[in-house]
2 protein chains.
Amino acid sequence: MKENKTTGEILRENREKKGLLLRHVSAKLDIDTAILSKIERSERKATKEQILKLAEILDLDKDNLLIQYLSEKILYEIKDEELGSKALKVAEQKMKYISRKSK
Amino acid sequence: MKENKTTGEILRENREKKGLLLRHVSAKLDIDTAILSKIERSERKATKEQILKLAEILDLDKDNLLIQYLSEKILYEIKDEELGSKALKVAEQKMKYISRKSK
DNA sequence: ATATATTTGACATTACTTGTCAAGTGTAAT
DNA sequence: ATTACACTTGACAAGTAATGTCAAATATAT
């Protein structure tokens, strides 16, 4: 069992589980099949709007899928950075500070 | 004493501490003063190259400044997201997973 | 072999980023 | 109060990256 699936893998698995074709899903998203194909193979990023629509189409939990998607966007931002991991920790600290302040 | 300074605030404080004008620093960066002014007031983001040069010009620790800068970029990515904090945590988990695998 | 599903890559369009420039504001000294 | 200087603001230009289409290539299944 794979512990760490990409958003694309999740989308493909669930599309296939429902017996849907790229054609069917991409029509609902109003994009070419080529893009959906690339999204499922992590060759392209989806937009937030597409993620939300996909959650509906595939009956997935919106929040989970969005968290999955956002975490990938974050990692994309620091993927080539040696200091990425430290930057992530600092970002979390700042996040806490911000939410503490806004109470 | 302020606990959580922005990159811009750090840059401005240290430029002033050294008695440098926007004009002096922006010339070394080869950009207009307008941009540096905006960077210091967090109205624009610097590029990574500019951050590294600024660290040199202002005698700041490169790694620290870069971590500061990257953490802001991360937060920028999720600033409007309700689920941002959860996404950050998931990103950290994935980060750990990736580095564990590559050992 | 045909038909259908998916993938690939070249290209167009659009939206962001990064920058310049000129005019504006603030402040201090004469 | 006018000159001088540092900085700020906003309109715009140029470059880059994101998002999409399309047609041809490649599986896959009958």
Side-chain angles (χ1 to χ4, degrees), chain A residues 5-55 57-58 65-66 68-81 84, chain B residues 5-55 57-58 65-66 68-81 87:
Chain A
K5 288 176 193 163
T6 65
T7 305
E9 284 166 346
I10 293 169
L11 293 174
R12 174 145 294 184
E13 278 174 20
N14 281 279
R15 175 175 62 80
E16 289 177 343
K17 197 185 285 175
K18 284 186 117 49
L20 296 169
L21 298 178
L22 284 177
R23 177 155 56 81
H24 300 134
V25 176
S26 64
K28 291 202 179 184
L29 292 176
D30 194 29
I31 54 171
D32 197 276
T33 56
I35 296 186
L36 185 53
S37 165
K38 285 168 188 170
I39 289 171
E40 288 184 349
R41 285 170 299 108
S42 304
E43 199 185 312
R44 288 235 187 151
K45 284 182 290 186
T47 65
K48 186 184 174 185
E49 288 65 39
Q50 287 164 349
I51 289 296
L52 294 174
K53 269 199 177 180
L54 282 164
I57 296 166
L58 304 177
L65 195 62
L66 203 50
Q68 177 68 27
Y69 166 74
L70 290 171
S71 70
E72 262 169 32
K73 266 182 83 170
I74 291 168
L75 288 178
Y76 180 79
E77 205 67 31
I78 55 175
K79 67 174 169 354
D80 303 319
E81 296 294 340
Chain B
K5 288 175 192 163
T6 65
T7 304
E9 285 165 347
I10 292 168
L11 294 174
R12 174 146 294 185
E13 279 175 20
N14 282 278
R15 174 174 64 80
E16 288 176 343
K17 196 184 289 175
K18 284 186 117 50
L20 297 168
L21 299 178
L22 283 179
R23 173 155 60 80
H24 300 133
V25 176
S26 64
K28 292 202 181 186
L29 293 177
D30 194 28
I31 54 171
D32 197 276
T33 57
I35 296 186
L36 185 54
S37 166
K38 284 169 189 171
I39 289 171
E40 288 184 347
R41 286 170 299 107
S42 305
E43 199 185 312
R44 288 233 185 151
K45 285 181 291 186
T47 66
K48 186 184 174 184
E49 289 64 40
Q50 286 164 350
I51 288 296
L52 294 175
K53 269 199 177 180
L54 283 164
I57 296 166
L58 304 176
L65 194 62
L66 203 50
Q68 177 67 27
Y69 166 73
L70 289 172
S71 71
E72 262 170 33
K73 267 183 82 170
I74 291 168
L75 288 177
Y76 180 80
E77 205 67 30
I78 55 174
K79 67 176 171 353
D80 303 319
E81 296 294 340

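Chain naming here is simple, since letters A, B, ... match the order of the sequence lines and numbering starts at 1 in each.
Every residue meeting the side chain to side chain contact (heavy atoms under 4.5 Å, CB included) condition with B:K18, not counting sequence neighbours, appears here in chain and number order: B:L20, B:L58, B:D59. By the side chain to side chain donor-acceptor pair (under 3.5 Å) test, B:K5 is found to be paired with B:E13, residues two or more places apart in sequence or in another chain being considered. Legend: residues meeting side chain to side chain donor-acceptor pair (under 3.5 Å) with B:T7, ordered by chain and number and at least two apart, are B:E72. With sequence neighbours excluded, the residues that form a side chain to side chain contact (heavy atoms under 4.5 Å, CB included) with B:K53 are B:L29.
Within the structure, the side chain to side chain donor-acceptor pair (under 3.5 Å) test picks out the following pairs touching residues 29-42 of chain A (sequence neighbours left out): A:R12-A:E40, A:R15-A:E40, A:S37-A:R41, A:R41-A:E43.
For the pair A:L29 CG and D:dT19 C1', the interatomic distance rounds to 13 Å; values are reported in whole Å. Spacing between atom NZ of B:K73 and atom P of D:dA17 amounts to 11 Å, rounded to whole angstrom units.
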| remark: Its contact letters, B for base, S for sugar-phosphate only and - for none at protein heavy atoms under 4.0 Å, make nucleotides 2-22 of chain C read ---SSBBB--------BBBB-
